[in-house]
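Note sheet for the following structure.
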Amino acid sequence: MGIKILGTGSALPEKVVTNFDLMKTMDTSDEWIRERTGIGARHVVTGSFDTETTLGTNAARRAIEAAGLLACDIDLILVATCTADDRLPCVACKIQAALGAGQAAAFDINAACAGFLIGLSVAEGYLSSGAFANVLVVGTETVSKIIDWSDRGSAILFGDGAGACVVTRSDSAFTFALGADGEGGDALRCSHNSTVTMDGQAVYRFATRTVPKVINEVLAKAGMKASEVDKYVLHQANMRIIGSIAKGLKEPIEKFPTNIENVGNMSSASIPVLLDELVRDGKIVAGEKIVLAGFGAGLTYGACVMEY
Ligand code: UT7
């Protein structure tokens with residue numbers, strides 16, 4: 001028994017903040033941000049109009065529609081987020097209510113930028129065991145609410161958004177490899193009532209060392225070679241990190257689609273938003289072998305290989 005993605009969806013807040021906008025409030029430049037990160041702009045929520053719940057609900061609605069299902073067909077809602085407005089109730093329960101999916105179980109997963117991938121692995125476990133038939137996995141973040149907008153070392157990186165997918169049982173297998181390095185957790189922190197602090201270089205080193213390893217691990221588990229992979233859909237943290245991972249895997253950069261230039265790093269929403277864009281643009285088609293990989297605060301990391 002395996003699983004497959006039935007439908008994807010995403011939602012971004014309307015407001016776009018460019019590097020030139022940031023230059024008005026901090027000592028930075030478009031050139032520096034583009035060279036060091038590949039980011040040109042990011043979307044951010046304004047006022048109380050958009051929240052992680054409204055963005056996640058919109059992404060979820062689009063994924064359910066693309067799957068050809070109704071909200072009443074969803075058995076379980078998993079929401080990956082590290083920027084929930086409230087401690088209680090969890091975002092998954094708020095999205096369940098907004099969707100009118102009262103029959104679905106619902107809970108959140110806090111694993112930062114690896115959260116969506118870890119959510120998919122949880123969905124795979126439940127689907128394979130036969131416990132549920134259709135699982136909605138959402139990654140939704142309003143990182144702009146927890147960053148220190150005066151810290152040019154971190155504020156330039158992040159954006160807000162949500163992505164979702166509906167997964168169901170099928171014959172094709174998803175293979176996962178997950179891990180964590182709790183001892184490195186101080187590199188990226190956010191305490192209650194505080195803002196993000198980050199040792200950018202430590203996170204950079206962690207990502208470039210760990211992600212090629214975990215991808216090679218998942219490919220070995222699946223009995224596949226890197227050259228058999230059609231596309232690598234990675235967490236969008238930094239173009240240089242993605243380039244270094246491609247080098248580490250000895251794979252051409254063309255196999256690594258990105259959207260970081262327009263949306264920045266949206267933590268757990270990065271992978272599902274990119275996946276949705278690629279699916280809707282016809283850049284991922286049925287039968288392709290896709291690797292997803294996430295990494296971030298925790299430190300958490302993981303990869304999966306699947307046939308789309
Ligand atoms: O989902 C995971 C989330 N976190 C990450 O992905 C972070 C991974 N790390 C990174 O992406 C990079 O480390 C950063 C983009 C955050 C920083 O790039 P870097 O090449 O590691 O720069 P740096 O921190 O070594 O700073 C180099 C210089 C410093 O100036 P001095 O000391 O050389 O004079 C910084 O003060 O660049 C300066 N700097 C900036 N200058 C203009 C730092 N941020 C900026 C800025 N604009 N925004």
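Counting convention: from 1, in listed order, for ligands and their atoms alike.
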**Asked** Listed by chain and number, what are the ring-ring contact (aromatic ring centres under 6.0 Å, His included) partners of Tyr232, not counting sequence neighbours?
**Response** Phe256
**Asked** Only one of Leu69, Ile74, Leu6 clears side chain to side chain contact (heavy atoms under 4.5 Å, CB included) with Leu136; which?
**Response** Ile74
**Which atom of Ile156 lies closest to which atom of Met26, heavy atoms considered** = CG2-SD, 4.0 Å
Which N/O atoms of ligand 1 sit under 3.5 Å from a protein N/O, and at what distances?
residue	atom	partner	partner atom	Å
ligand 1	1 (O)	His235	NE2	2.9
ligand 1	1 (O)	Asn265	ND2	2.9
ligand 1	9 (N)	Gly200	O	2.9
ligand 1	11 (O)	Asn238	ND2	2.7
ligand 1	13 (O)	Gly200	O	3.4
ligand 1	20 (O)	Arg36	NH1	2.8
ligand 1	20 (O)	Arg240	NH2	3.0
ligand 1	22 (O)	Arg36	NH1	3.4
ligand 1	25 (O)	Gln201	NE2	2.5
ligand 1	36 (O)	Arg152	NH2	2.9
ligand 1	37 (O)	Trp32	NE1	3.4
ligand 1	41 (N)	Trp32	NE1	3.4
ligand 1	41 (N)	Arg152	NH1	3.4
ligand 1	47 (N)	Thr28	OG1	2.7
ligand 1	48 (N)	Thr28	OG1	3.1
ligand 1	48 (N)	Arg152	O	3.0

**Asked** Does a sphere of radius 6.0 Å around CZ in Arg209 hold more than 12 heavy atoms from other residues, nucleotides or ligands, not counting ones at 6.0 Å or beyond?
**Response** no
**Prompt:** Take atom CD in Glu65; do more than 12 heavy atoms of anything else shown fall under 6.0 Å from it?
**Reply:** no
**Request:** Using a strict cut-off of less than 4.0 Å between a Lys/Arg side-chain nitrogen and an Asp/Glu carboxylate oxygen, indicate whether Lys4 and Asp171 qualify as a salt bridge.
**Result:** no
